[in-house]
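Letters A, B, ... are given to chains in the order of the sequence lines, protein chains preceding strands, and every chain is numbered from 1.
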Amino acid sequence: MSLAALVLDWFPANARDLPWRRSETTPWGVLVSEFMLQQTPVARVEPVWTAWMAQWPTPSALAAAPRADVLRAWGKLGYPRRALRLHEAAGVIAVKHGDVVPADLDALEALPGVGSYTARAVAAFGYGRRCPVVDTNVRRVVARAVHGHGDAGPARTAADLADVDALLPPGDRPAAVVSAGLMELGAVICTARAPRCGICPVHAECAWQAAGRPDYTGPRKPVQGFAGTDRQVRGRLLDVLRGADGPVERAALDAVWSDGAQRDRCLDSLLVDGLAEQLDDGRFALPA
DNA sequence: CAAGCGTGGAA
DNA sequence: TTTCCAAGCTT
């Protein structure tokens, strides 16, 4: 039995019941979920996605909202520039695509905040197309099950796509199911640390098992620090703006970080990014 | 192309 | 406590 066939058997019966996977979810709902899931755990996304879709069920609905509302709804998901890009993308979809999320890869990738992964995920999960989807989960599953390595090394974009393309069955529907299944496998079974090989549906066909599960010896991705970085400072500044009912005095922002030079630099960068605005009276607020 | 971009749960 | 990591994108 092939890897794809094993995944095809396993996934429908074992898939987590995530709200964006339900049959009534629109491609717009899928796109929103993919934005939120970029570098962010499923558990944190679920409640935000549900509230978001209730408030903005279509691209045009989101596009009509003030950025401040969008940033508050995004809450503490992290990387708030994603929220602005989703807002922008919604505007493009509303005016250039008749309020319908495009199914075409090139049109999808032209949207702000949509790269190769997100475009392919929308095509596969939103439209049921046969379209190789390569994320960190899939790369790890392929590295192990196909290549017998302990983990995926640095991305090899074209080769990664070819690897996955070679796994997918020919039809749109089964290929889309396998794509979702490969991601699910990487998320819940073939995990980065402590993979659950004992209950893995692909165990019998896994090259890593066959090779005796050798350790990964390649280069490790350096883990990003956080404490003391601009990212932390920006997060604190934005948290003040999100939590305030209206504009805040500079003093309220000064209080969140003692290093004035770093604080000023971060506040400037938030203004540049469109995540904050300064009013004529000198106070600061989320953008209108 | 390497670096920068948030946040918080789990090991 | 510290470290690692979670469905990437942009410049």
Side-chain angles (χ1 to χ4, degrees), chain A residues 11 15-16 18-21 25 29-49 71 74-86 88-89 108-126 131-142 151-152 154-157 160 164 176 179-196 216 219-242 256-257 262 265-266 269-270 272-276:
Chain A
F11 181 64
R16 289 168 294 175
L18 305 176
W20 48 86
R21 282 181 176 165
T25 302
V30 172
L31 179 65
V32 171
S33 77
E34 295 301 341
F35 263 88
M36 292 181 173
L37 287 162
Q38 291 167 5
Q39 302 286 283
T40 307
V42 165
R44 218 178 307 165
V45 167
E46 277 205 34
V48 179
W49 183 89
L71 289 169
W74 191 262
K76 306 198 79 170
L77 279 184
Y79 293 141
R81 292 190 295 191
R82 290 182 293 167
L84 294 186
R85 290 179 182 141
L86 177 55
E88 280 181 67
L108 283 163
E109 281 204 54
L111 298 171
V114 177
S116 173
Y117 163 75
T118 301
R120 291 168 173 281
V122 169
F125 311 142
C131 182
V133 177
V134 179
D135 76 328
T136 182
N137 288 308
V138 173
R139 295 203 333 106
R140 185 172 54 250
V141 169
V142 169
D151 204 344
R156 300 150 41 248
T157 312
D160 292 337
V164 177
S179 289
L182 288 172
M183 289 183 59
E184 186 78 347
L185 196 59
V188 304
I189 305 285
C190 194
T191 52
R193 42 188 176 193
R196 306 166 70 190
Y216 175 72
R220 292 279 176 188
K221 183 180 304 185
V223 293
Q224 290 183 332
F226 181 64
T229 62
D230 286 4
R231 245 162 50 253
Q232 181 180 25
V233 179
R234 285 164 54 102
R236 287 198 184 180
L237 292 170
L238 199 56
D239 198 42
V240 171
L241 299 180
R242 260 195 319 255
V256 305
W257 199 255
Q262 185 178 21
R265 167 159 47 86
C266 289
S269 74
L270 289 176
V272 169
D273 287 348
L275 288 164

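- Residue A:Phe226 is classed as a base contact, given a heavy-atom separation below 4.0 Å to a base.
- When the P atom is used for both B:dG8 and C:dC9, the distance is 23 Å, rounded to whole Å.
- A:Asp273 comes within 4.0 angstrom of nothing in the nucleic acid, heavy atoms only.
- With A:Arg82 contributing its side chain and A:Leu77 its backbone, the two residues share a donor-acceptor pair below 3.5 Å.
- Rounded to whole Å, the P atom of B:dA10 lies 15 Å from the corresponding atom of C:dA7.
- An OP1 or OP2 oxygen of B:dG6 is reached within less than 4.0 angstrom by no side-chain nitrogen or oxygen of A:Lys76.
- Judged by closest nucleotide on DNA chain B, A:Pro222 is the one of A:Leu238 and A:Pro222 placed further toward the 5' end.
- Not one N or O on the side chain of A:Glu46 forms a donor-acceptor pair closer than 3.5 Å with the backbone of A:Leu18.
- A:Glu34 contributes no side-chain N or O that, together with a main-chain N or O of A:Val30, makes up a donor-acceptor pair within less than 3.5 Å.
- Rounded to the nearest 0.5 Å, atoms CH2 (A:Trp20) and CG (A:Leu37) are 5.0 Å apart.
- For the C1' atoms, the distance linking B:dC1 with C:dG8 amounts to 15 Å, nearest Å.
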Using nucleotides 7-11 of chain C, report all nitrogen or oxygen pairs with the protein that are shorter than 3.5 Å.
| unit_1 | atom_1 | unit_2 | atom_2 | d |
| --- | --- | --- | --- | --- |
| C:dA7 | OP1 | A:Asn137 | OD1 | 2.7 |
| C:dA7 | OP1 | A:Asn137 | ND2 | 2.5 |
| C:dA7 | OP2 | A:Asn137 | OD1 | 3.4 |
| C:dA7 | O5' | A:Asn137 | ND2 | 3.0 |
| C:dA7 | O4' | A:Asp135 | OD2 | 2.8 |
| C:dA7 | N9 | A:Tyr117 | OH | 3.4 |
| C:dA7 | N7 | A:Glu34 | OE1 | 3.4 |
| C:dA7 | N7 | A:Glu34 | OE2 | 3.3 |
| C:dA7 | N6 | A:Trp20 | NE1 | 3.1 |
| C:dG8 | OP2 | A:Gln39 | N | 3.2 |
| C:dG8 | OP2 | A:Gln39 | NE2 | 3.0 |
| C:dG8 | N7 | A:Gln39 | NE2 | 3.3 |
| C:dC9 | OP1 | A:Gly115 | N | 2.8 |
| C:dC9 | OP1 | A:Gly115 | O | 3.4 |
| C:dC9 | OP1 | A:Thr118 | N | 3.0 |
| C:dC9 | OP1 | A:Thr118 | OG1 | 2.8 |
| C:dT10 | OP1 | A:Gly113 | N | 2.8 |

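- Of the charged side-chain nitrogens involved, at least one lies within less than 4.0 Å of a carboxylate oxygen, so that A:Lys76 and A:Asp239 count as a salt-bridged pair.
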**Message:** side chain to side chain contact (heavy atoms under 4.5 Å, CB included), that's the test. Do A:Cys266 and A:Leu237 meet it? Break it down for me.
**Reply:** CA-CA 8 Å; A:Cys266 289; A:Leu237 292 170; 3.9 Å; yes
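- Formation of a donor-acceptor pair under 3.5 Å by the A:Thr191 side chain with backbone atoms of A:Arg196 is not found in this model.
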When you compare the protein's N or O atoms with those of nucleotides 9-11 of chain B, which come within less than 3.5 Å of each other, and at what distance?
none

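- Minimum interatomic distance between A:Thr118 and A:Gln38 (heavy atoms only, all atoms of both residues): OG1-NE2, 3.0 Å.
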